[in-house]
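See structure below.
If you're wondering where the values come from, they're calculated on a predicted model, not measured in any experiment. Both counts, for ligands and for their atoms, begin at 1 and track the order of listing.
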Amino acid sequence: MPDGTKLTDVEAVTERGSYRFTAADPFTNDREIVLVPCDEDPGVRAWINTCPHESQRFDTGDGVPIRDGEVICPRHGSLFDACSGECDNGPAAGTALRGVEVAVEDGAVYLTDGDYSFRHEGGTDDDDPGSTSHLSL
Ligand code: FES
């Protein structure tokens with residue numbers, strides 16, 4: 001078994017389209033990370049859930065928008081290769097998604113990146129169900 005936290009299964013990522021979770025970075029800041037399907041081994045990739053152009057989240061709670069193996073930025077529409085993370089179009093052209101290390105064994109995905117500690121499933125807003133941060137005026 002890989003040395004890390006089990007997140008989910010590759011099959012679940014493929015079926016749902018993506019999987020979002022929150023992990024603490026080396027500065028103990030919570031970061032959202034998304035798993036997305038990739039045609040290349042081992043079948044998934046993990047990316048920080050932020051567009052390098054203007055810090056737009058890809059998954060805002062409804063999953064990562066993906067089409068034909070490309071992650072779509074919901075703000076300006078730049079497309080990122082789901083496997084390499086690279087972008088060659090739109091306002092984010094020339095940038096790349098920030099990757100997070102994961103490993104797959106027996107169909108299960110593990111967070112193996114030493115810079116991140118798993119906190120919980122879902123986004124950074126999902127850790128406190130009693131929080132009033134979901135209220136809008
Ligand atoms: S914020 Fe993503 S392309 Fe502009």
Side-chain angles (χ1 to χ4, degrees):
M1 193 191 332
D3 191 13
T5 308
K6 184 186 171 191
L7 299 168
T8 184
D9 296 317
V10 174
E11 204 176 305
V13 177
T14 308
E15 276 172 14
R16 289 164 55 170
S18 60
Y19 171 89
R20 182 171 65 149
F21 67 97
T22 298
D25 72 9
F27 307 103
T28 67
N29 296 315
D30 281 357
R31 296 275 172 215
E32 287 185 10
I33 300 168
V34 289
L35 297 178
V36 296
C38 162
D39 283 344
E40 298 164 18
D41 232 25
V44 291
R45 291 288 188 274
W47 305 113
I48 297 290
N49 187 28
T50 307
C51 178
H53 179 226
E54 284 185 2
S55 299
Q56 166 71 42
R57 289 196 289 178
F58 294 105
D59 181 348
T60 58
D62 298 319
V64 176
I66 300 178
R67 191 176 53 223
D68 298 333
E70 294 187 300
V71 172
I72 306 165
C73 175
R75 186 173 297 181
H76 301 122
S78 280
L79 304 172
F80 298 81
D81 187 296
C83 293
S84 72
E86 290 173 3
C87 175
D88 63 2
N89 59 85
T95 67
L97 303 180
R98 196 139 46 98
V100 174
E101 204 178 295
V102 291
V104 172
E105 190 171 302
D106 294 334
V109 187
Y110 295 83
L111 173 64
T112 53
D113 197 314
D115 286 342
Y116 295 93
S117 319
F118 180 80
R119 299 255 296 143
H120 54 83
E121 192 172 337
T124 53
D125 302 340
D126 297 342
D127 60 341
D128 180 6
S131 163
T132 55
S133 64
H134 296 280
L135 292 179
S136 56
L137 302 174

_Neighbouring protein N, O or S atoms of atom 2 (Fe) of ligand 1 [cut-off: under 2.8 Å, no waters]_ =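 Protein N/O/S atoms under 2.8 Å of atom 2 (Fe) of ligand 1: Cys51 SG, Cys73 SG.
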Answer whether the closest heavy-atom distance between the side chains of [X] and [Y] falls below 4.5 Å.
X	Y	value
Tyr116	Thr22	no
Leu7	Phe118	yes
Val44	Val104	yes

*Taking SG to SG, are Cys38 and Cys83 separated by less than 2.5 Å?*
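In this structure, Cys38 and Cys83 share a disulfide.
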_Atom of Phe80, atom of Gly85 and distance for their closest heavy-atom approach_ =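 In this case the closest contact between Phe80 and Gly85 is CD2-O, 3.5 Å.
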*When rounded to the nearest 0.5 angstrom, what distance separates CH2 in Trp47 from CG in Leu35?*
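Rounded to the nearest 0.5 Å, the CH2-CG separation comes to 11.5 Å.
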